[in-house]
*Asks:* 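Attaching a single structure in structure tokens format; questions to follow.
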Amino acid sequence: MPRAVQAWLWLKQPARFLGDCWRAYGDVFTMRLPLGINLVHIADPELVKGVFGGSSDVLAAGEANAAILEPIVGPHSVLVLDGPEHLRQRKLILPAFHGDRMRAWEATIRNITRAEVARWPVGKPFPLRPAMQSITLEVIMGAVFGVDDRARREDLRRAIVQITGLGRHPFLLFATRGRRLGRWAPWARFVRARGALHAALGEQIRDRRRAADLAQRADVLSVLLLARDEQGRAMTDDEVRDELVTLLFAGHETTATSLAWAFDLLLHHPPALGRLITESEGGSAEYLDAVIKETLRVRPVIALVDRHVRQATQIGEHTIPAGAIVCPNIYLAQRREDLYDNPAAFWPDRFAGHAPPGFGWFPFGGGIRRCLGASFATFEMRIVIPEVLHTVVLRPASRRPARIRREAVTFVPHNGARAVVITRTQPTARPAPPPQPAT
Ligand code: HEM
């Protein structure tokens, strides 16, 4: 097909186009897009393993990400770096997501969820995805940025909502980049919102550096300020700011959309929903874990990851030319019939007591680029899902589960995952117990 047609199908019917290519060409195929962009999709777990284990001198993720993400996340972001600089940033960030630290955020996440659910209308359809976005944004402001000040929270929220809104139409945004089209053109609005975000984060970083209780705080910002690399160097303010913006944009919408998919799937599968409620009320988290894994399998928010091929390389029997982009395809590999019975069906029981197959389940990517927030996202989902289900009785607003629609680089529910609150089962304003101290 002409490149323009492939691009149109990839934008407008991404899941269907992937499925059609897979059936026609098998586990490795090339999608040819305008501007000479060639995406080599890989759905074979063995080959995916090879890509994730490949050298970053040959397969560069940072370079592949930078083209689109650098204007948003900045030049110091772990997402756009490669080689030793990437590893340094990763090592500095990783301890912030240690399990013990995250446990201190549990009460915050629970309280934020309760406050959000208390605002939902009863008996009227509403989209769950924006509701989940407001939960995950508040969680990032508390757990990652550690912002207590109301005015600063408001400044941040305003700038983030504006940038996220503009980021939903990346083509419009980039088409107006660098052009003099007036102050209301998308790119000009983006630059202003980014300036406001940087200003608020800059103040937050400076204030926190001076805080007397810096070493006692569990938020990610405080941990980043105290982190030292192997040479004993701390991060600069600009580095810390870029990493905070990265964690925000990598973590906020991805987790919110995964939560929205989880509810959409559960509400359309009453036996799974019933089992989840019964088992969670009995104090077991095993089925909840299975529900989360199955949601991330059948509705991965990020359908593929990319690596820029710097020099021609061999992947299995395929020679991939320099300049191509190799994409381990999460969406396709997680729908393989040789790994999953009835792969298109939502059936969490397949993971109850069973670990997912290696490289046949990788919603968080892999190798040295695996998602830094994977355990944080799962931790948050584990709190939000039961909290919502114990507080309200929901029913789906549509007969069928939502279709997959593309929004920028993510796969989202086409209708925002609409649901109706039938009744409230718990008083929603009760405060959560005080946070457990980090051990
Ligand atoms: C369900 C929610 C999430 C999903 C599905 C997800 C998925 C992914 C994927 C597929 C990648 C690319 C990995 C690769 O290239 O191999 C990634 C990278 C990353 N994610 Fe997530 N993510 C989620 C939540 C989060 C959260 C909550 C945070 C932090 C607060 C986060 C921070 C990052 C960072 C920093 C990277 C870049 C890692 C690197 O390049 O070394 N993510 N994520």
Side-chain angles (χ1 to χ4, degrees), residues 6-19 21 31 33-35 37-43 48 51 59-74 77-81 129 132-133 136-137 140 160 163-175 177 186-187 190 194 245-261 295-296 299-308 324-334 362-366 369-374 377 402-414 416:
Q6 295 193 44
W8 190 86
L9 289 168
W10 181 221
L11 285 177
K12 294 294 172 191
Q13 300 179 0
R16 188 167 159 194
F17 189 39
L18 280 181
C21 292
M31 215 180 249
L33 306 177
L35 307 174
I37 298 169
N38 296 324
L39 305 183
V40 181
H41 294 263
I42 300 190
V48 167
V51 173
L59 298 171
E63 234 166 65
N65 293 336
I68 296 182
L69 297 178
E70 189 171 322
I72 298 174
V73 296
S77 161
V78 66
L79 265 169
V80 304
L81 296 172
R129 186 166 165 247
M132 294 300 129
Q133 284 164 334
T136 60
L137 181 53
I140 295 228
I160 293 164
I163 295 177
T164 318
L166 289 161
R168 294 208 170 101
H169 307 283
F171 296 101
L172 212 56
L173 186 59
F174 281 90
R177 184 178 185 175
W187 187 262
F190 164 71
R194 185 180 60 185
V245 176
T246 301
L247 297 173
L248 163 70
F249 287 106
H252 155 45
E253 298 240 276
T254 43
T255 312
T257 305
S258 300
L259 280 164
W261 277 125
T295 301
L296 297 172
R299 295 288 188 277
V301 173
I302 299 186
L304 49 88
V305 294
D306 30 25
R307 306 287 185 259
H308 182 237
I325 296 177
V326 167
C327 307
N329 195 301
I330 300 170
Y331 178 83
L332 294 180
Q334 295 185 165
F362 53 99
F364 296 109
R369 308 298 301 214
R370 186 172 185 271
C371 175
L372 276 166
R403 285 191 317 277
I404 294 173
R405 180 172 69 79
R406 168 201 283 283
E407 194 175 276
V409 293
T410 54
F411 278 13
V412 307
H414 81 282

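Numbers here are sequence positions counted from 1.
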*Asks:* Kindly give the heavy-atom pair with the smallest separation between Ala7 and Pro34, and that separation in Å.
*Replies:*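 Distance-wise, the nearest heavy atoms are CB-CD, 3.4 Å.
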*Asks:* Measuring from Thr136:OG1 to Leu259:CG, what's the distance to the nearest 0.5 Å?
*Replies:*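 That separation rounds to 7.5 Å.
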*Asks:* Does a side-chain heavy-atom distance below 4.5 Å link Asp306 with Leu39?
*Replies:*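 Sidechains of Leu39 and Asp306: no contact.
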*Asks:* For the atom pair OG1 (Thr257) and CE (Met132), what is the distance rounded to the nearest 0.5 Å?
*Replies:*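 The OG1 atom of Thr257 sits 11.0 Å away from the CE atom of Met132.
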*Asks:* What pair of heavy atoms forms the shortest contact from Asn65 to Val80, and how long is it?
*Replies:*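 Distance-wise, the nearest heavy atoms are C-CG1, 4.5 Å.
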*Asks:* Rounded to the nearest 0.5 Å, what separates atom CD in Gln13 from atom CD1 in Ile404?
*Replies:*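 Between atom CD of Gln13 and atom CD1 of Ile404 there are 12.5 Å.
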*Asks:* Between Arg406 and Pro14, what is the shortest heavy-atom contact and its length?
*Replies:*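 Between these two residues, the closest heavy atoms are CB-CG, 3.8 Å.
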*Asks:* Roughly how far, to the nearest 0.5 Å, is the CD atom of Glu407 from the OG1 atom of Thr164?
*Replies:*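 One finds 10.0 Å between OG1 of Thr164 and CD of Glu407.
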*Asks:* Answer yes or no: is there a side-chain heavy-atom contact under 4.5 Å between Val305 and Arg369?
*Replies:*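 Side-chain contact under 4.5 Å: no.
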*Asks:* Return the CG to OG1 distance between Leu137 and Thr255, rounded to the nearest 0.5 Å.
*Replies:*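 Going from CG on Leu137 over to OG1 on Thr255, the span is 11.5 Å.
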*Asks:* So which of Thr254, Ile140, Ile72 actually passes side chain to side chain contact (heavy atoms under 4.5 Å, CB included) with Phe249?
*Replies:*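 By the side chain to side chain contact (heavy atoms under 4.5 Å, CB included) criterion, Phe249 pairs with just one of Thr254, Ile140, Ile72: Ile72.
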*Asks:* Looking at every heavy atom in both His308 and Ala64, which two are closest together, and how far apart are they?
*Replies:*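 It is N-CB, 3.7 Å.
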*Asks:* Tell me whether Gln334 contacts the main-chain N or O of Phe362 through its side chain, where contact means a donor paired with an acceptor under 3.5 Å.
*Replies:*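 Checking the backbone N and O of Phe362 against the side chain of Gln334, a donor-acceptor pair under 3.5 Å is found.
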*Asks:* Report the residues that fulfil side chain to side chain contact (heavy atoms under 4.5 Å, CB included) with Leu81, sequence neighbours left out, ordered by chain and then residue number.
*Replies:*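 With sequence neighbours excluded, Leu81 shows a side chain to side chain contact (heavy atoms under 4.5 Å, CB included) to Glu85, His86, Gln89, given in chain and number order.
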*Asks:* What I'd like to find out is whether the side chain of Phe17 reaches to under 4.5 Å of the side chain of Lys12, using heavy atoms alone.
*Replies:*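 Side-chain contact under 4.5 Å: no.
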*Asks:* Once side chain to side chain contact (heavy atoms under 4.5 Å, CB included) is applied, do any residues pair with Ser258, and if so which ones, sequence neighbours excluded?
*Replies:*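 Per chain and number, Ser258 pairs via side chain to side chain contact (heavy atoms under 4.5 Å, CB included) with Leu296, Val301, Met381.
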*Asks:* Taking side chain to side chain contact (heavy atoms under 4.5 Å, CB included) as the test, write out the residues that go with Ala402, two or more places apart.
*Replies:*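 Trp261, Asp264, Pro413, His414, Asn415.
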*Asks:* Does the side chain of Met31 reach to within under 4.5 Å of the side chain of Cys327, using non-hydrogen atoms?
*Replies:*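 With C-beta onward as the side chain, the pair stays apart.
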*Asks:* Does His41 have any ring pair (Phe, Tyr, Trp, His ring centres under 6.0 Å) partners at least two apart in sequence or in another chain, and if so, which?
*Replies:*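 Ring pair (Phe, Tyr, Trp, His ring centres under 6.0 Å) check on His41 returns Trp10, Phe29.
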*Asks:* Identify the two heavy atoms, one from Ile42 and one from Val48, that lie closest to each other, and give their separation to 0.1 Å.
*Replies:*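 Here Ile42 and Val48 meet closest at O-CG2, 3.7 Å.
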*Asks:* Determine yes or no for a side-chain-to-main-chain donor-acceptor pair under 3.5 angstrom, with Ser77 supplying the side chain and Leu79 the backbone.
*Replies:*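 Yes; judged by distance alone, with no hydrogens or angles, the pair exists.
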*Asks:* What closest approach, in Å, do Ala43 and Leu332 show between heavy atoms, and which atom pair accounts for it?
*Replies:*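 Heavy atoms of Ala43 and Leu332 come nearest at CB-CB, 3.7 Å.
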*Asks:* Who pairs with Phe190 by ring pair (Phe, Tyr, Trp, His ring centres under 6.0 Å), at least two apart in sequence or on another chain?
*Replies:*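 Per chain and number, Phe190 pairs via ring pair (Phe, Tyr, Trp, His ring centres under 6.0 Å) with Trp187.
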*Asks:* Residues two or more places apart in sequence or in another chain: which of them pass ring pair (Phe, Tyr, Trp, His ring centres under 6.0 Å) with Phe364?
*Replies:*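 Not a single residue meets the ring pair (Phe, Tyr, Trp, His ring centres under 6.0 Å) criterion with Phe364.
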*Asks:* Assess the residue pair Val409 and Ile302 against the criterion (side-chain contact (heavy atoms from CB on, under 4.5 Å)); give the C-alpha distance rounded to whole Å, side-chain angles, the decisive distance to 0.1 Å, and a yes or no.
*Replies:* CA-CA 7 Å; Val409 293; Ile302 299 186; 5.7 Å; no
*Asks:* Roughly how far, to the nearest 0.5 Å, is the CD atom of Glu253 from the CZ atom of Arg168?
*Replies:*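 Here the interatomic distance stands at 4.5 Å.
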